[in-house]
There are 2 protein chains.
Amino acid sequence: MPMASKSEQTRQLVADVALRMFREIGFEKTTMRSIATEAGVSVGNAYYYFASKDELVQELYVRVQAEHAVKAAEAVDGVKDLSGRLKATLHAGLDVMEPYHRFGAEFIATAIRPTSPVNPFSGESTAARDASLAIFRNIVEGASPAVPKKLRADLPELLWLGYMGVALFWVYDTSEDRRRTRKLIDGVAPLIARGLSLARIPGVSKVLDDVLSLSRSVRE
Amino acid sequence: MPMASKSEQTRQLVADVALRMFREIGFEKTTMRSIATEAGVSVGNAYYYFASKDELVQELYVRVQAEHAVKAAEAVDGVKDLSGRLKATLHAGLDVMEPYHRFGAEFIATAIRPTSPVNPFSGESTAARDASLAIFRNIVEGASPAVPKKLRADLPELLWLGYMGVALFWVYDTSEDRRRTRKLIDGVAPLIARGLSLARIPGVSKVLDDVLSLSRSVRE
DNA sequence: GACACTTCTTGAACACGTTCAAAAATCGGG
DNA sequence: CCCGATTTTTGAACGTGTTCAAGAAGTGTC
């Protein structure tokens, strides 16, 4: 098997050191100089592999997302109802992010900037976002009773958006063990499922149609 | 009448210069050094009045909010239905923020940090947030037909939260003249009004009760 | 007016993210 | 093995937000 090239080794070393320091002392306290020193390279060399400190956060984002995909697939296995599947997926997401919660607030400012590669809507994040979207598509497609047809296409993206909202809530959640976010998930998941079952009521159905058409027209 | 003290004059001068530069060249390009130079004071002096660059953004936030309160009160005058009142208020908000849209993305990263004074949930922003909440309370209380009783207490805060969401959307909106955000407002306002009128349907009412109790339990 | 005391102002200095010209190491072809 | 080209590595230097010891200006008291 091909040995990892020297170049790739250095790249991994820098990334590993950086992410460990992010976890242990936080984003802001982890300076590019300290990463370089800890990894035994020069500052300039770290910049040779990562154009900015933000790109190191991007690495973190990608790894967290990959782990979420695995954990969510496990947790959803065998669960049939939409509410349960959604709940399992969201809790799995929280589990994966947990080690970073202490410093989540520091990361969010980076992620929210539209110019940052870490921004979940940015081009650099397309791959990770698509993978994340796939998790929610899987939730919807595997659900039984099945999701109303007219919602099936849009729901995954809407749920993913909701997940971003939950993550934002989680960052601000100072309650012990993120109890409030857990409670939010447990409350909101069955509500969404029940809300969808109302779709058959004519009055509701009409409103829902408008919601959908608005959400479609707004996403360009 | 009492003349503004020399101290207060200097403070205002620094703030005025800073906000003008924010508008004209953006948040990041406006350096503390350039603010000081432009205002004819030393860097340290600017810091004597504003503990950080963020506190200058806080000043901006307060002024924008005050202007929104005035514009919204005008726009809502004579409008009776909830949808119209909500629409007018949200559009007024966009109008006030418009001069800063070019650089809105730079400000959002500052505002989102939970440790920042600018964060709308922070202690330093309590006054501005309460004033902003009052705008939405006024929308609800003045609406006719009246908002269902069980919603009247919670709706203003929920609408305000929605307004924060619209502002976030607006920051990311790259369409010409923020057309997509305008369209979002025009679509979402009547939907909320119509959705509320469904509250009388028993099945919907039960779901709504759960939404409300969840939203209450989650806000600590 | 002289003296203490507070408020205001200064600019050099610090640590940070980032850049870049130059040097060192590596590689490929002869 | 050697030489040119490419990739990798270095560390000094830049501009940034922020701090702080020192001094200047103002204010009240006798």
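Each chain gets a letter, A, B and so on, in the order the sequences are listed, and its residues count up from 1.
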TODO: Assign Phe50(B) to base, sugar-phosphate, or nothing according to its heavy-atom contacts below 4.0 angstrom with the strands shown.
DONE: nothing
Task: Bend angle of the helix from dG1(C)-dC30(D) to dG30(C)-dC1(D), from helix axes over five pairs at each end, nearest 10° - done: 10°
- [ ] State plainly whether the residues Arg179(B) and Asp186(B) are in salt-bridge range, i.e. N to O under 4.0 Å.
- [x]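 A salt bridge is absent here (no side-chain N lies under 4.0 Å from a carboxylate O).
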Task: Electrostatic pair Glu24(B):Arg102(B) at N-O distance under 4.0 angstrom - done: no
Task: Trp160(B) and Phe121(B) aromatic ring geometry - parallel, tilted or perpendicular at 30°/60° bounds - done: perpendicular
Task: Nucleotide interval of DNA chain D bounded by contacts with chain A (heavy-atom cut-off, under 4.0 Å) - done: dT7(D) to dA13(D)
Task: Residue pairs passing the salt bridge (Lys or Arg N to Asp or Glu O under 4.0 Å) test where at least one lies in residues 117-131 of chain B, sequence neighbours excluded - done: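 As it turns out, there is no salt bridge (Lys or Arg N to Asp or Glu O under 4.0 Å) pair with a partner in residues 117-131 of chain B once direct neighbours are skipped.
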TODO: Between protein and nucleotides 11-26 of chain C, map the contacts as a letter string: B base, S sugar-phosphate only, - none, heavy atoms under 4.0 Å, written 5' to 3'.
DONE: B-B--BBBBB------
Open item on the list: Less than 3.5 Å apart, any donor N or O on the side chain of Ser175(A) or Asp173(A) sitting next to an acceptor on the other?
Closed with: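 On atom types as modelled, these side chains qualify, holding a pair under 3.5 Å.
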Open item on the list: Can you confirm if the aromatic rings of Phe27(A) and Phe103(A) lie within a centre distance of less than 6.0 Å?
Closed with: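 No - the distance between ring centres of Phe103(A) and Phe27(A) does not fall below the 6.0 Å cut-off.
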Open item on the list: For the aromatic rings, using the six-membered ring if either is Trp, is the centroid distance between Tyr61(A) and Phe107(A) under 6.0 Å?
Closed with: no
Task: Over-ring placement of Lys53(B) relative to Tyr47(B), 6.0 Å and 45° cut-offs - done: no
- [ ] Indicate whether OP1 or OP2 belonging to dT9(C) is found under 4.0 Å from a side-chain N or O atom of Tyr48(B).
- [x]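 No, because none of the side-chain N or O atoms of Tyr48(B) sits under 4.0 Å from OP1 or OP2 of dT9(C).
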Open item on the list: Please enumerate all residues that pass side chain to side chain donor-acceptor pair (under 3.5 Å) together with Ser213(A), with sequence neighbours excluded.
Closed with: none
Task: All salt bridge (charged side-chain N to carboxylate O under 4.0 Å, His left out) counterparts of Asp210(B), not counting sequence neighbours - done: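 With neighbours one apart ignored, the set is Arg194(A).
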